[in-house]
Q: 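I have a structure I would like to understand better, so I am pasting it below and will then ask my questions one at a time.
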Amino acid sequence: MQDIINRFISYVTIDTESDPNSETTPSTEKQWNLANKLVDELKAIGMHDVTIDKHSYVMATLPSNVSHQVPTIGFVAHFDTTPDFTGANVTPQIVENYDGKDIVLNKEQNIVLSPNYFKDLLLYKGQTLITTNGLTLLGADDKAGITEIVTAMEYLINNPEVKHGKIRVCFTPDEEIGRGADLFDVKKFGADWAYTMDGSQIGELEYENFNAAGVKITFKGKSVHPGYAKGKMINSMLLANDFINELPKNEIPQETKGYEGFFHVTQLSGSIEETKLELIIRDHDMKKFKERKKMVENITKKFNKKYAKQFGEDIVITEIKDQYYNMKEKVEPVMFIVDLAEKAMKSLGIKPLIKPIRGGTDGCRLSYMGLPCPNIFAGGHNFHGKYEYVPVESMKKAVDVIIKIAELTATTDFSKKKK
Ligand SMILES: [Zn+2]
């Protein structure tokens with residue numbers, strides 16, 4: 001436990017915030033600080049073939065210790081933290097033997113982590129929690145995942161009686177800005193399948209995520225003196241408002257859960273002359289996902305048709321871009337890789353929580369790049385903000401899950417299961 005705490009703190013106290021406005025990879029220079037440290041650490045614990053490429057992707061190998069043929073498995077985590085909340089000067093606080101009451105994160109500013117609001121806290125009574133000091137995020141997303149992978153590899157190296165096949169690990173930059181998979185060299189990684197250690201609550205196991213598209217719409221208006229505007233003016237802001245009103249009212253994030261998809265307006269700014277609207281489309285079901293995109297196209301057509309005679313040109317210009325797809329399609333043909341993780345959890349007394357992700361992961365992109373990659377819990381809660389915390393016991397369990405998956409992979413007969 002103490003090793004896990006020390007390792008975790010050594011990672012979260014390095015600021016690795018990513019930046020969506022940067023063109024480079026990694027998006028911020030400071031991510032190199034942790035990437036380089038991880039290289040040194042992987043070498044120090046005895047990993048083989050430790051590499052870091054020019055975009056800061058760190059890879060390493062734990063060679064097989066059995067003579068028979070075993071599939072190569074991989075474990076993946078990201079070292080950047082979200083730009084949504086500051087990750088500079090993280091000062092972790094350790095709460096031992098948590099009593100189920102309010103945790104004061106910051107006395108001066110009266111910032112309290114309370115089980116009245118964050119009910120999940122009560123799952124961890126009696127455990128050791130790591131929290132923030134109320135001023136920064138914690139970075140358990142996803143430095144808990146890195147801690148778990150490195151700790152599991154160290155354990156396997158020090159306990160060669162535990163049999164396993166070849167294991168590859170990779171730590172990536174820029175997951176939080178949606179680019180973690182972009183420059184991931186799947187061929188160089190060379191695993192048959194992998195797991196991202198990037199989920200939340202203990203037991204989480206995920207292989208379904210949204211299909212996702214981003215939409216940018218420009219409304220072109222015509223500004224005329226309001227006193228002489230009749231039949232001449234187009235107020236592009238009002239057009240955008242009408243457009244939003246054409247979308248189904250209840251199919252928005254705050255009204256949906258589970259497998260329900262949505263439209264989500266993320267940006268709106270404008271003047272009479274021009275208004276820009278951005279929204280995202282999410283749906284687990286590919287057919288419904290396509291229908292949602294079609295709906296946006298049809299509304300666009302309707303608007304343009306309505307104003308065509310009067311203005312002789314399209315006044316609504318819509319651009320729809322697919323962002324990622326549901327990994328289920330790529331994982332289902334190799335469902336045994338999910339079953340394996342489930343079996344590992346059950347054998348450790350962890351109740352698997354298998355549920356669709358209402359988002360995406362690096363794993364879904366990797367799955368479409370040829371590396372099937374479900375997601376496993378890393379243990380943290382309340383990611384991307386000052387209320388982020390992680391129970392050390394959950395991190396310990398995640399380490400056990402990695403070790404157990406490695407063991408099971410070496411003892412399972414996959415000959416009948418391969419596609
Ligand atoms: Zn993450």
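Remember, it's 1-based here, ligands and their atoms both numbered in the order they're listed. The model shown is predicted, which means the values in this text are computed figures rather than measured ones.
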Q: Anything protein N/O/S under 2.8 Å from the Zn ion (ligand 1)? Just list residue and atom, please.
A: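 Metal shell, protein only: His78 NE2, Asp141 OD1, Asp198 OD1, Asp198 OD2.
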
Q: Take the angle between the ring planes of Tyr368 and Tyr325 and call it parallel below 30°, perpendicular above 60°, tilted in between.
A: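 Geometry flag for Tyr325 against Tyr368: tilted rings.
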
Q: How close do Leu366 and Ala181 get, heavy atom to heavy atom, and via which atoms?
A: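 In terms of heavy atoms, the two residues are closest at CD2-CB, 4.1 Å.
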
Q: Taking Glu388 for its side chain and Asp141 for its backbone only, find out whether a donor-acceptor pair lies under 3.5 Å.
A: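 Judged by distance alone, yes, a pair lies under 3.5 Å.
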
Q: Does the Gln93 side chain pair with the main chain of Thr132, one donor and one acceptor, at a distance under 3.5 Å?
A: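 Present.
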
Q: Kindly confirm or rule out a cation-pi arrangement of Arg365 over Phe184, judged by NZ or CZ under 6.0 Å from the six-membered ring centre and within 45° of its axis?
A: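 Not flagged: Arg365 not positioned over aromatic ring of Phe184.
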
Q: Could you tell me if His78 and Asp80 have a donor-acceptor pair between their side chains, going purely by distance under 3.5 Å?
A: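 Note: Asp80 and His78 side chains meet the donor-acceptor criterion.
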
